[in-house]
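Below: one structure, written as structure tokens.
Chain A is the first sequence line, chain B the second, and so forth, proteins listed ahead of strands; every chain is numbered from 1.
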Amino acid sequence: MKLTTTYEPDKYESKVYALWEKHDAFAPKHRGSQDSYSIVVPPPNANGDLHLGHGLTLALEDIAVRYHRMKGKASLLLPGADHAGFETWVVYEKYLASLGKSRFDYSREELYSQIWDFVDKNKTNYLSQFRALGASVDWGRYTYTLDTKIVNQAYKTFEKMWQDGLIYRAEKLVSFCTYHGTGFADIEVTHKETKGYLWHVDYPLTDGSGYITVATTRPETLLGDTAVAVHPDDARYKKYIGKTVTVPVVNREIPIITDEAVDQAFGTGAVKITPAHDQNDFDMAERHSLPRISVIGHDGTMIDPSPEQYIGLSVAVARDKIAQELVDNGSLRQREEITHSVGHCYKCDTIIEPLLREQWFIRVASLAKPAIQALKKDAITFYPASKKKQLISYLENLRDWNISRQIAWGIPIPAFQSSEDPSEWIFDTRVKEESITKGGVVYHRDHDVFDTWFSSSSWPYATLDFPDGNDFKNFYPLSVMETGADILYPWVSRMIMLGLYTTGEVPFTSVYLHGLIQDENGQKMSKSKGNVVNPIEKVHEFGSDAFRMGILSGETAGSNRPYTESKIVGARNFCNKLWNVARFVQEHVPKDTPQKPEIVSAADHWLLNKLQHTTDAVAGLIETYRFSEAYNAIYHFVRDDFADWYIEASKGSANPSMLRFTLESILKICHPFAPFITEAIWQQLGWSSELLIVSAWPDIPKAHTAHAKDFEEIKQIVTESRQLILAMGLKKPQIEHTNDIVDAHKESIIRMAKLGDVVHVKQGRGLQFISTRHPVWMHVTDEEMSHYKDTLVSQRNEQHSIQSRLKQRLDNPGYTKSAPEHVITQTRDQLKESEAAVQLLEKELERF
RNA sequence: GGGCGAUUAGCUCAGCUGGCUAGAGCACCUCGUUUACACCGAGGGGGUCGGGGGUUCGAGUCCCUCAUCGCCCACCA
């Protein structure tokens, strides 16, 4: 079948994907190599649409997997989707609000099953989006984060930790969003610079000998104060140590204590201590065995031990009212404006309240230790390398991980509390039951669910059926974990810790982190800014292949980068170039053309040389995850070497076997990047019965470098001819030469340079070329040449300066003594070339 | 406060272990409708590689320092 003039992606993409699926081409199979290669896709939110970041992720992962598949390895790209606990919960709450309902209208069980259905309906979007992006994922292994095997793995991990004493339940401060009604891990809190006031409040000494002034940004929390702290060395307050003060408003007597943590320079140097509502105060209270008094509730209003008139008021209102009361009773000394950083909910921007809550915590230090060791031993290669160091220092400073979440959407925590002794908890997986009986005692289930990251941190091995599955044996540890740099801490760090804890091995041997894709102005994309680019729209507009290559072009591991549509346009144009190259080749390759290339001309040698170089470079670059550079190498080979030179040179006399072999090789090395168009061309050509996707990575026969160099000379002659023609405004001029190799390429040179003729002579006339070793002349009149004098002069001057630089270098004894031989040789050659050029130029100039 | 990274052509970025007469894409200028392709081809202009200092025969590349920008972590009573 004959190819059309332009490539129309939507005519081929879905058919090609269906063809792959029909042949089960995505399933990992050994094809010549005993090795395997494995990636699990970081599961996107099952409820949402894919964004540009997913598009980039899938492109990069798919390129790596397609390449290794062609290298003959059993290669797996495992797809999945995330229930995305809190994320989906937020979406669903909004949906409920649109119906005029709220989470308080339903039980947790009802909510769970509603959300299950809600997600199920939207899940199909993302399946088709994976296909549109060309991801060669093995659909048979598709895993959802709420699949039984994933849930069971979370239970097993929890149980093992429980038995190993790594899980504990404690009343600690939890970062709590009072709007969403759930706690977070420290890492999920967004800190923002916020304007506020620093209030200076007098706390009278109980013995009546005066007062001590404390500074606070949160006067309302004084209702829960249990001490005032000063630095032990602070001379101003030495005399007060051991005394007590009375808390204004509530008139509670509290001690004045000393602690190194107090900063003498900040505020008044005296701090009120509210252990139930501030992490530092909590820590200090631990050290000094101070009581904790909670005065703020989970809904963000003041609660019981607060004086009656405050109960039920929001924190903000209570703050104003306390401030007024302090003014009224004369204890407010001053109020200064300050900017300080305040934790906010990353979804709803509500100020995070540190609240006392009994929750499940993981002792992280003992998990972090082996992870740190593994990282220090380089068990995992990081792209970019700098992330390793960052991760180590993060792991060295971890606080215990709060894994309880007070939302309905997630995996229920398999823990039950004794109805007889509230301090007694047991592990049990009968989470569908509200309460269970064991040994005659009734136990009630914890209503909380796991932090999503807890279960998703088992993703690398849980998806592979740890511990007994074949997949686990064949594909673990994963070859690479490719994901966003923003989830290095919340996800990658925990996968490493849990992987080592559960399997005894690192979960992956490399980590590739891509940066954020910003909008074209370098701003973060967000729905509220309205600057979000939908990858699927771009796929429809430019084609999936163009999207993949455009989105990865210019990509460097770890760094953020603006979205550049012109790169997708460029990639679309490149696809069209591929298409038309194939059209040309198809026309010039008869049916009986041998598959093996017959290497005849200098151009053949030259092209094979380039092809081999490119193929090796692309392989090496993909193996080291330098995708953008690999794409560049292909791009320039196809456009510059093959299309602009070899095909142009072929127009006189084509070598069908070379055209065929080169096109096939190009389709292969392009395939990981542009899977649809390459497979579409491959199928249209019909030269092979196998699919391109499972064909072998090309093996390029050796060419002779000397012959290849001959073609370089031809290129020089053509290029210089074009330059002279343009510079002097010539029409179909004639060139003269003395060389047989030039004769052999006569027709090509005439066509490519648009010459009148190429004549073999004994001694040429006109202007001699300077860029080629062969004597070649442009046959021009002195009149025509006179327009060119200025150029000749500037060329000569330039050569002079090059020469003096090279001479200086060679005259330097330090250089000739220390520089490696090949560098010196190179310099000598450059000097010789330059000298020859100057000689020619001087000769030409003599005529004027 | 600690850490990491960036600063190279108008724009977006390559340049890995020092050898560069500093590259690419886009944009720009000139020329060209040659039947694979105008989603094209040919030719060209444009950079003292953020400033300063150092190491070296040689520095965009290594070291120090300053400046600007970005990100992350901690603290901010």
Side-chain angles (χ1 to χ4, degrees), chain A residues 3 5-7 186-187 191 193 198-199 214-218 221 228-229 261-263 266-274 278-281 284 338-342 384 386-387 389-390 393-394 397 485-486 488-489 515-516 520 522 542 546 553-556 558-567 569-588 621 624 626 628-629 632 635-636 643-644 647-648 651 718-719 722-723 725-727 729 751-754 798-799 801-802 805-806 809 812-820 822-824 826-827 830 834:
Chain A
L3 301 173
T5 336
T6 45
Y7 174 59
D186 300 335
I187 195 171
H191 290 274
E193 290 298 312
L198 190 60
W199 318 69
V214 302
T216 180
T217 52
R218 304 198 55 187
T221 62
V228 167
V262 179
D263 177 0
F266 190 91
T268 61
V271 195
K272 59 189 251 354
I273 302 301
T274 321
D278 181 279
Q279 187 62 51
N280 283 333
D281 293 3
M284 215 181 280
I338 60 159
T339 302
H340 59 144
S341 134
V342 178
S386 59
K387 295 288 176 184
K389 235 163 81 183
Q390 289 179 33
S393 75
Y394 173 77
N397 296 297
D486 54 329
L488 174 65
Y489 297 152
L516 202 70
E520 299 213 61
F542 298 106
S553 169
E555 215 279 327
T556 321
S559 39
N560 297 348
R561 183 172 50 99
Y563 167 79
T564 318
E565 187 146 305
S566 66
K567 288 188 173 168
V569 173
R572 190 269 319 263
N573 296 352
F574 177 65
C575 287
N576 204 52
K577 177 61 79 173
L578 265 180
W579 187 255
N580 278 290
V581 158
R583 289 180 64 217
F584 176 87
V585 172
Q586 192 187 33
E587 277 174 30
H588 292 79
L621 290 167
T624 49
R626 295 153 76 120
S628 178
E629 287 173 66
N632 263 339
Y635 181 93
H636 288 290
D644 292 346
I647 285 189
E648 288 307 320
K651 283 181 178 171
V718 171
T719 303
R722 286 166 172 169
Q723 285 166 341
I725 289 168
L726 255 173
R751 187 178 319 96
M752 287 196 274
K754 288 185 209 160
E798 200 186 325
Q799 287 300 332
S801 75
I802 289 173
R805 196 167 37 235
L806 292 172
R809 200 179 297 168
N812 182 342
Y815 176 72
T816 40
K817 205 165 44 171
S818 324
H822 73 273
V823 175
I824 297 171
Q826 191 192 338
T827 310
Q830 284 170 347
S834 175

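Contact of A:Lys567 with B:A24 (side chain to base): no donor-acceptor pair of N or O atoms is detected under 3.5 Å. Checked by distance alone, A:Glu648 brings no side-chain donor or acceptor within 3.5 Å of a matching partner on the base of B:A42. A donor and an acceptor atom never sit less than 3.5 Å apart when one is taken from the side chain of A:Arg583 and the other from the base of B:C37. No donor-acceptor contact under 3.5 Å links the side chain of A:Lys817 to the base of B:C57.
Of the side-chain N and O atoms in A:Thr556, one or more sit less than 4.0 angstrom from OP1 or OP2 of B:A14. Taking only side-chain nitrogens and oxygens, A:Arg751 never comes nearer than 4.0 Å to OP1 or OP2 of B:U34. Taking 4.0 angstrom as the limit, A:Asn397 places none of its side-chain polar atoms (N or O) nearer than this to OP1 or OP2 of B:A74. Taking only side-chain nitrogens and oxygens, A:Lys754 never comes nearer than 4.0 Å to OP1 or OP2 of B:A42. Close to B:G41, at under 4.0 Å from its OP1 or OP2, lies a side-chain N or O of A:Lys577. In this model, the phosphate group of B:C20 is approached by a side-chain N or O of A:Gln826 to a distance below 4.0 Å at OP1 or OP2.
Rounded to a whole angstrom, the distance from the C1' atom of B:A9 to that of B:C29 is 15 Å. Rounded to a whole angstrom, the distance from the P atom of B:G50 to that of B:U56 is 23 Å. Distance noted for atom P between B:A6 and B:C16: 12 Å (whole Å). When the P atom is compared between B:U61 and B:C72, the two are found 28 Å apart, to the nearest whole Å. The separation of B:U7 from B:A27, taken at their P atoms, amounts to 24 Å, rounded to a whole angstrom. The same atom, C1', is picked in B:C39 and in B:G47; the two are 30 Å apart, to the nearest Å. For B:U48 and B:G2, the C1' atoms lie 36 Å apart once the distance is rounded to whole Å. B:C62 and B:U8 are spaced 16 Å apart, taking the P atom of each and rounding to whole Å.
Contact annotation for A:Val262: base contact, defined as any heavy-atom pair under 4.0 Å involving a base atom. Nucleic acid contact class of A:His822 (heavy atoms, under 4.0 Å, all strands): none. Among the protein residues, A:Thr719 comes within range of the sugar-phosphate backbone only, with heavy atoms under 4.0 Å from sugar or phosphate atoms but none that close to a base. Across all strands shown, A:Pro820 has heavy atoms under 4.0 Å from base atoms, whether or not it also approaches the sugar-phosphate.
Taking a pair as Watson-Crick or G-U wobble with both distances under 3.5 Å, RNA chain B forms stems of 3 or more consecutive pairs at B:1-7 with B:67-73, B:10-13 with B:23-26, B:28-32 with B:40-44, B:50-54 with B:62-66.
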Side chain to side chain donor-acceptor pair (under 3.5 Å) between A:Gln799 and A:Ser834, intermediate numbers included:
CA-CA 6 Å; A:Gln799 287 300 332; A:Ser834 175; 2.9 Å; yes
Just do the side chain to side chain contact (heavy atoms under 4.5 Å, CB included) check on A:Lys272 and A:Thr221 with the steps written out, would you?
CA-CA 9 Å; A:Lys272 59 189 251 354; A:Thr221 62; 2.7 Å; yes
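The minimum heavy-atom distance between A:Glu648 and A:Met752, with the atom names listed, is CB-SD, 3.7 Å. Considering every non-hydrogen atom in both A:Ala643 and A:Lys577, the closest pair reads CB-CD, 4.1 Å.
The aromatic rings of A:Tyr394 and A:Tyr489 sit parallel, their planes meeting at an angle under 30°, below the 60° perpendicular limit.
Remark: A:Arg572 engages no residue in a salt bridge (charged side-chain N to carboxylate O under 4.0 Å, His left out) (not counting sequence neighbours).
Toward the 5′ end of RNA chain B lies the nearest nucleotide of A:Arg809, the other residue of the pair A:Gln723 and A:Arg809 mapping further downstream.
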